[in-house]
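Below is one structure; the comments refer to it alone.
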Number of protein chains: 2
Amino acid sequence: MYSYTEENYLKTIYKLSEQGNESINTNSIAEVLQTKAASVTDMIKKLADKKLLNYEKYKGVALTERGRKVAVDTVRKHRLWECFLYDKLKFGWDEVHEIAEQLEHINSELLTDKLDEFLDFPTHDPHGDPIPSKNGVIKKSNFILLCDAKPNQTLVMSGVADHTAVFLQHLNKISVVLGTEMQITEKNDYDGSIAVKLSGNKSMYFSKDVAKNILVKVK
Amino acid sequence: MYSYTEENYLKTIYKLSEQGNESINTNSIAEVLQTKAASVTDMIKKLADKKLLNYEKYKGVALTERGRKVAVDTVRKHRLWECFLYDKLKFGWDEVHEIAEQLEHINSELLTDKLDEFLDFPTHDPHGDPIPSKNGVIKKSNFILLCDAKPNQTLVMSGVADHTAVFLQHLNKISVVLGTEMQITEKNDYDGSIAVKLSGNKSMYFSKDVAKNILVKVK
DNA sequence: AAATATTTTTAGGCTTGTCTAAAAATATGT
DNA sequence: ACATATTTTTAGACAAGCCTAAAAATATTT
Ligand SMILES: [Mn+2]
Ligand SMILES: [Mn+2]
Ligand SMILES: [Mn+2]
Ligand SMILES: [Mn+2]
C-alpha cells in the first residue's frame with residue numbers, strides 16, 4: 001500500500017507530534033530521518049497530495065486522520081515484532097529495535113493479527129512502550145520519570161525514555177530491567193543523583209543522566 | 001547488503017539453473033519476474049559488475065559462487081519464514097509463500113539463526129522443499145512424481161511440483177497433505193489417472209494433472 | 001545461402017527518493 | 001525598523017529500477 005519510505009516519514013512525524021510539538025517542522029524530520037531538508041520538502045508534498053498530511057508552505061505539517069492511522073499501524077507492527085524477537089527468539093532488548101525497523105514494513109494485516117495472537121496480545125513492548133490496538137487506539141501509560149518520583153513509594157521500573165542500545169546495555173549491566181521494584185531513599189539536589197533501595201535491601205545509586213531516562217509507575 | 005530487487009533476480013536465476021537449464025536466458029528471467037527483457041538486461045549488467053554472475057552478451061548468464069550464495073541464502077530465509085508462518089502462526093500452506101516473499105529480504109544473520117533454532121532446525125518447508133543449511137548446502141530430496149511411482153509400494157506424500165495456491169487448496173479439499181500414505185492400485189494409461197488406496201482402505205482417484213504435481217517418497 | 005522469425009541489446013525516457021547550491025521566506029537581534 | 005541569521009523551498013541533477021521502440025545479433029525456415 002505505502003512504501004517503506006512513506007511509512008518511515010509518517011512514523012517520524014507521528015512521533016514528533018506525540019512529543020508535544022504542535023506542528024512539525026522540516027528540519028526536525030530531516031534530523032530524525034538522517035536526511036536533508038530539501039528531501040523532506042519533496043516527500044511532504046507527495047504525502048500531502050495523498051492526503052496523508054496537511055501542509056502549508058513554511059508552516060509545517062500535521063498528519064491527517066488517515067496519515068495517523070498508517071503511522072500508528074506501523075508503530076503497532078514495530079512493537080509486536082519487538083515482542084516476538086524478545087519473547088520468542090530471545091534477543092536482548094538492546095537488539096530488537098534495529099530488526100523491527102525492517103519488519104515493521106511487512107505488509108499483511110492477517111500476519112499482524114496472527115502475530116498478535118501468537119504473542120498472546122501483548123500490551124507493551126520490551127521497552128515498556130504501549131502497543132496500539134488494531135483500530136489505532138494507544139493507551140497512554142501513566143509512567144513518570146524516576147527523577148520526578150517521590151521517596152518512600154514502591155516504584156516499578158516500567159519503561160525507558162532513552163531507547164539507545166548503549167543506555168539499554170547500561171541498564172543490563174546494573175541489572176535494572178522492566179519490573180524491577182525500588183524505593184527512593186535519597187534525592188540529591190546538588191547533582192540530581194538518586195539513591196534507591198531494591199528488593200533484598202540492596203541499595204543502588206543512579207546518576208541524574210540515568211534517573212531521567214528511567215520510567216517508573218507507582219505500585 | 002543487496003537490494004530486494006537484486007536478491008529476487010539472483011533467486012530467480014538460481015531456480016532456473018536448478019531446473020536443469022545450463023545457461024539462463026534473458027526472456028525466461030523476464031517471464032518469471034513479470035518484467036521486460038530490457039529491464040533484465042539492465043539488471044544483469046549491474047549484477048555482473050558486482051561479480052554476482054558471469055555474463056557475455058547474447059550468451060546468457062550463470063551465477064558466480066558469490067551470487068549462488070546470496071540466492072541460496074534468500075531461499076533459506078524464505079523457507080524458514082514459511083515454516084514459522086505455518087507451524088507457529090497456523091497459516092495454511094497455500095498462504096505462506098506470498099508473505100515469505102517479503103520476509104525473505106529481512107537482513108539479519110542473527111535473526112535467521114535464531115529463527116532456525118526457534119523452529120527446531122527444520123529440514124523441509126511446508127511444501128516439502130528442503131531448507132538450505134547456513135553454509136549453503138542443499139540436501140537433494142529423492143522424491144518422485146506420483147505419476148511415475150510403481151504400484152504396490154507404500155508411498156508417502158512428501159512435496160509438490162506445483163506451488164500455486166489453487167493447487168494447494170485443491171489438495172486441502174481432497175485432504176492430501178504432507179505425510180499422507182498411499183499405495184497405487186491402478187494406473188490408467190489412457191488418461192494417466194491413478195487410483196490409490198489410503199489408510200483405512202479408503203480409495204481415491206487422481207487425474208494426471210494432479211498426479212504429475214504430487215511428489216512422493218517410497219517408504 | 002537467403003529470407004524470416006526470435007531473442008537480446010541499446011537508446012531514450014519515466015518515477016521514486018535522494019542530493020547540493022541557490023533563492024525565498026521567516027525569525028531574531030539591536 | 002532594519003540587518004542578520006535561520007529555516008524552508010526551489011532548481012537542477014543523480015542512481016535504481018522500470019518502461020517502449022528500434023536496432024542488432026542469433027536462430028530457424030525454406
Ligand atoms: Mn523500537
Ligand atoms: Mn520498543
Ligand atoms: Mn514460497
Ligand atoms: Mn515453500
Side-chain angles (χ1 to χ4, degrees), chain A residues 1-14 16-17 19-63 67 70-71 74 101-102 104-105 107, chain B residues 1-14 16-17 19-63 67 70-71 74 101-102 104-105 107:
Chain A
M1 203 64 181
Y2 297 103
S3 75
Y4 187 105
T5 311
E6 288 171 327
E7 286 183 350
N8 281 339
Y9 270 90
L10 293 171
K11 198 179 64 159
T12 299
I13 295 164
Y14 170 73
L16 289 169
S17 311
Q19 284 163 31
N21 317 285
E22 191 53 36
S23 110
I24 311 306
N25 53 316
T26 306
N27 266 354
S28 51
I29 298 171
E31 201 198 343
V32 174
L33 288 173
Q34 295 276 73
T35 182
K36 294 289 141 66
S39 308
V40 173
T41 303
D42 284 349
M43 179 57 80
I44 276 174
K45 286 194 237 168
K46 289 174 199 159
L47 295 174
D49 286 349
K50 295 186 181 181
K51 310 281 186 206
L52 293 165
L53 47 78
N54 295 312
Y55 167 56
E56 229 186 314
K57 265 191 202 174
Y58 295 102
K59 297 281 173 64
V61 301
L63 294 180
V70 175
T74 307
E101 282 294 309
Q102 296 182 61
E104 70 187 4
H105 302 291
N107 176 25
Chain B
M1 202 64 180
Y2 297 103
S3 75
Y4 187 105
T5 311
E6 287 171 327
E7 287 183 349
N8 281 339
Y9 270 90
L10 294 171
K11 198 179 63 160
T12 298
I13 295 164
Y14 170 73
L16 288 169
S17 311
Q19 284 162 30
N21 316 286
E22 190 55 36
S23 109
I24 310 306
N25 54 315
T26 307
N27 266 355
S28 53
I29 298 170
E31 201 196 344
V32 175
L33 288 173
Q34 295 276 73
T35 183
K36 294 288 141 69
S39 308
V40 173
T41 304
D42 284 350
M43 178 57 80
I44 276 174
K45 285 194 238 167
K46 288 173 198 160
L47 294 174
D49 286 349
K50 295 185 181 180
K51 311 279 186 209
L52 293 165
L53 47 80
N54 296 310
Y55 167 57
E56 229 185 316
K57 266 191 202 174
Y58 296 100
K59 297 281 174 63
V61 301
L63 294 180
V70 175
T74 306
E101 282 294 307
Q102 295 182 60
E104 72 188 4
H105 302 292
N107 176 26

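Chain naming here is simple, since letters A, B, ... match the order of the sequence lines and numbering starts at 1 in each. Predicted model only: the values in this text are computed from it and were never measured.
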**OP:** Produce a footprint string for nucleotides 13-21 of chain D: one letter per nucleotide, 5' end first; B if the base is under 4.0 Å from any protein heavy atom, S if only the sugar-phosphate is, - if neither.
**Re:** ---SBBBB-

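- Using a 4.5 Å heavy-atom cutoff, the side chains of B:L10 and B:Y14 are not in contact.
- Counting only heavy atoms from C-beta outward, the side chains of B:N8 and B:E104 approach each other to under 4.5 Å.
- Inter-residue side-chain proximity for A:I13 and A:V61 is flagged as met; some heavy-atom pair is nearer than 4.5 Å.
- In this entry the distance linking CD of B:E31 with P of C:dT6 reads 16 Å, nearest Å.
- The shortest distance between side-chain heavy atoms of B:M1 and B:E6 does not fall below 4.5 Å.
- Contact between the side-chain N/O atoms of B:K45 and the OP1/OP2 oxygens of C:dT10 is found at a separation under 4.0 Å.
- Counting any heavy atom pair closer than 4.0 Å across all strands shown, A:K59 reaches no nucleic acid atom.
- Across the protein-nucleic acid pair, A:I29 atom CD1 and D:dT8 atom P stand 9 Å apart, rounded to whole Å.
- Counting only heavy atoms from C-beta outward, the side chains of A:V40 and A:L33 never approach each other to under 4.5 Å.
- By the 4.5 Å heavy-atom criterion applied to side chains, B:H105 and A:H105 are not counted as neighbours.
- Taking 4.0 angstrom as the limit, A:N27 places a side-chain polar atom (N or O) nearer than this to OP1 or OP2 of D:dT8.
- OP1 or OP2 of D:dT8 has at least one side-chain nitrogen or oxygen of A:N25 nearer than 4.0 Å.
- Each of B:I24 and A:Y58 was matched to the nucleotide of DNA chain C holding its nearest heavy atom; the match closer to the 5' end belongs to B:I24.
- If you check every strand for non-hydrogen atoms under 4.0 Å, B:T41 touches a base.
- In this structure, B:Y55 atom OH and C:dT7 atom P are separated by 16 Å, rounded to whole Å.
- Rounded to whole angstrom, the span from the CD atom of A:E56 across to the C1' atom of C:dT26 amounts to 14 Å.
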